[in-house]
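First up is the structure itself, then whatever we jot down about it.
Residue numbers begin at 1 in each chain, while the letters A, B, ... track the order of the sequences.
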There are 2 protein chains.
Amino acid sequence: MQKHMPPSGKGTGTHTDGLSRDAVLNAALALIDRKGVNAFSVRDLARELGVYPTALYWHVPGRNALIAGAVALALRDLTPRRTPPDWQAGVRDLLRRYRQAVRAHPHIAPVLGAQLVSNESMPPELMEHILALLVRAGFEGAPLRHAYNTLIAAMVGFVTLELAPLPDEDADAWADAHRQRMQAIDPARHPLLAREMGRLRQGAFVVRATSGTQAPLDSSFRFWTETVVQGLAAMRAPPSGGT
Amino acid sequence: MQKHMPPSGKGTGTHTDGLSRDAVLNAALALIDRKGVNAFSVRDLARELGVYPTALYWHVPGRNALIAGAVALALRDLTPRRTPPDWQAGVRDLLRRYRQAVRAHPHIAPVLGAQLVSNESMPPELMEHILALLVRAGFEGAPLRHAYNTLIAAMVGFVTLELAPLPDEDADAWADAHRQRMQAIDPARHPLLAREMGRLRQGAFVVRATSGTQAPLDSSFRFWTETVVQGLAAMRAPPSGGT
DNA sequence: ACCTGAACACCGTTCAAGT
DNA sequence: ACCTGAACACCGTTCAAGT
C-alpha cells in the first residue's frame with residue numbers, strides 16, 4: 001500500500017550516492033529549465049542521473065508527479081513571511097514576487113497556468129497570505145472567496161501569457177513567418193490593428209514574435225498590477241447606484 | 001517548397017471520401033473534446049478517420065498544427081460583429097463570450113492559456129475588436145498597448161484556471177485525497193484558510209476538488225469581470241495625486 | 001530499501017512507394 | 001494529388017528479479 005516513502009528525513013544522509021526524492025526533483029527542475037515541460041522525459045532524467053528509468057519510480061509515482069514536484073520547488077520561497085498593513089502594497093508585492101519566481105524558471109509557466117490545481121505545487125502559506133491581504137482590504141463572506149479567486153487569477157494570468165513558450169523547434173523560421181503575417185494585416189479590414197502595429201510589435205500578446213523571457217513586458221505588467229489593485233479597491237463596497 | 005496546400009477551396013467538393021484539411025481539423029477538435037489535449041494522439045485521430053497516420057501529414061504539418069487548428073475552430077465565432085458604444089458593456093460581453101466559447105470545448109483551455117501566441121488560433125478580428133473597445137474607453141499611445149495586454153490577460157486568465165483539467169486518470173481517488181489534504185490544514189498555522197474552508201471548498205482555486213466544467217464559478221467570474229472593468233476605468237486618467 | 005533489466009504497448013515523424 | 005506501408009527513434013509504466 002504505502003509506497004514512495006523515502007528514508008523519512010532523518011537517518012542516513014551520509015552518502016550522496018542514493019537518489020532521494022529531493023535530488024530527483026531538483027534534477028527534474030533543472031532539466032525542465034533546459035528543455036521545457038513538453039520535451040521533458042523520464043528517460044532523459046534517468047540518463048542524467050546515471051540510473052535506469054524505472055529507478056525513479058521508487059521515489060516518485062510518475063512523470064506528472066515529477067513535474068508537480070519540480071514546480072513546487074520553484075515556488076518554495078515565494079510567500080512573504082509577514083502580511084503588510086497596506087493591502088494594496090501587499091497585492092503589488094505578491095504579483096511582483098510571483099512573476100520573479102516564474103521568471104527564474106520560465107518553462108514552468110504553462111504548467112502553472114494550466115494545471116495549477118492538480119498538483120500540490122501551491123503552498124498553503126501562499127493561500128493564507130492571499131486571504132490575509134484581502135481580509136485587510138475589507139472583504140468577508142462570499143465576496144472574500146470571489147476576491148481570492150480574482151487575486152489568484154490575476155497573479156497567474158498575466159505571467160502565464162507573458163512567459164508562454166514560442167515554438168522552439170524552428171524558432172527563427174516561425175518568428176519570420178509570424179512577423180510577415182502581422183505585417184500583412186489588411187488596413188481596410190483591421191484599421192486599428194494596422195495603425196498600432198508599430199507599437200504592438202514591441203510587445204503585445206499574439207502580435208509579438210518573441211517570448212517574455214527575451215523581451216519582458218515590464219510596463220504592461222505594471223499597468224496590469226495597477227488595474228487589479230484599482231479594481232479590487234472599487235469592489236470593496238457594493239457598487240454605488242448609477243447606471 | 002509549397003506543401004500542405006489542399007484543393008484551394010473551390011474545385012472538387014463532390015465526394016466526402018478524401019480527407020481535406022477542414023475535415024481533419026474538425027475530427028481533431030472532436031477527439032480533443034473527448035480525450036483532452038494530452039491524451040490526443042495523431043495515431044488515434046488517424047484510426048478514427050480510417051486512414052494511415054501518415055496520411056494526415058499531407059493536410060497538416062504535424063501534431064502541433066492539428067491542435068492549433070482545432071483551437072482556431074473553437075474560437076471561430078467568438079468575435080462580435082460590431083463594437084458597442086458603451087465600452088464597459090463591450091468588455092463584459094467580450095469576457096462572457098470568450099468564457100462561453102471555451103466552455104463549449106473545455107479541454108482546449110490549457111492550450112489557450114499556455115500557447116496562445118504560438119498558434120494562429122487568435123483571429124485578427126478579435127484583436128481589432130479589443131483595440132476598438134479600448135480606444136472608445138479613451139486609451140491611446142503606449143497605454144493603449146498596455147490596456148490591450150491587460151484585456152487579453154483578463155479574458156484568458158480566469159477561464160484558463162476555472163477550466164483547468166484535474167487529474168483524470170484516478171479522478172475519484174485524487175479528489176478524495178485532495179479533500180483530506182484540505183481538511184487537514186492546520187488552523188494554528190493557517191487560521192484564515194481553516195476558517196474559510198467551508199466556503200472555499202464550494203469553488204475556490206487550488207482548494208476545490210472539482211473542475212470548472214462540473215462546478216462553474218459563475219459568481220466569481222462576475223466579480224472578476226467587474227474588477228477588470230472598474231480597474232480599467234480607473235486607469236484611463238493618470239492617477240490623481242494621493243497616497 | 002533501493003535499483004536493475006526486460007518487456008509491453010504505445011508514440012510522432014521520415015521517406016519511398018503506390019495509384 | 002493524395003494515400004499506403006514500412007521503418008526509425010523514441011516514449012511512460014509494469015513487473016519480476018537482484019542485492
Exercise for review: Establish, from distance only, whether the side-chain atoms of A:His107 and A:Asp33 form a donor-acceptor pair under 3.5 Å.
Suggested key: no
Check your understanding: More than 12 foreign heavy atoms under 6.0 Å from CG of B:Asp172: is that the case here?
Key -> no
Practice item. With sequence neighbours left out, write down each residue that passes side-chain contact (heavy atoms from CB on, under 4.5 Å) with A:Pro191, or none if nothing qualifies. Key: B:Glu128
Review point. For the residue pair B:Arg103 and B:Pro106, what are the closest heavy atoms and their distance?
Key: O-CD, 3.3 Å
Check your understanding: Taking only residues two or more places apart in sequence or in another chain, which ones pass side-chain hydrogen bond (donor to acceptor under 3.5 Å, both in side chains) with B:His146?
Key -> A:Ser219
**Study point:** Rounded interatomic separation in angstrom, taking CG from B:Leu45 and P from D:dC3
**Key:** 13 Å
Practice item. Only pairs at least two apart or in different chains count here, so list each salt bridge (Lys or Arg N to Asp or Glu O under 4.0 Å) that has a residue in residues 150-167 of chain B. Key: B:Arg99-B:Glu162
Check your understanding: Taking protein heavy atoms under 4.0 Å as touching, what does nucleotides 7-19 of chain C look like 5' to 3' if B marks base contact, S marks sugar-phosphate-only contact and - marks none?
Key -> B---BBBB-----
Review point. Rounding to a whole Å, what distance do you find between B:Leu49:CG and D:dT4:P?
Key: 11 Å
Review point. Starting at the 5' end of DNA chain D, what dot-bracket string do you get if Watson-Crick and G-U pairs under 3.5 Å are bracketed, crossing pairs use [ ], other-strand pairs use | and unpaired bases use dots?
Key: ||.|||||...|||||.||
Review point. Is any NZ, NE, NH1 or NH2 atom of the basic residue among B:Glu196 and B:Arg201 found under 4.0 Å from an Asp or Glu carboxylate oxygen of the other?
Key: no
Review point. Say you pick atom C1' in C:dA9 and the same atom in D:dA9; how far apart are they, in whole Å?
Key: 16 Å
Point to revise | Contacts of type side-chain contact (heavy atoms from CB on, under 4.5 Å), residue A:Gln180, not counting sequence neighbours | key: none
Review point. Any side-chain N or O of A:Tyr52 less than 4.0 Å from the OP1 or OP2 oxygen of C:dC3?
Key: no
Review point. Closer than 4.0 Å, any side-chain N/O of A:His59 to the OP1 or OP2 of C:dC3?
Key: yes
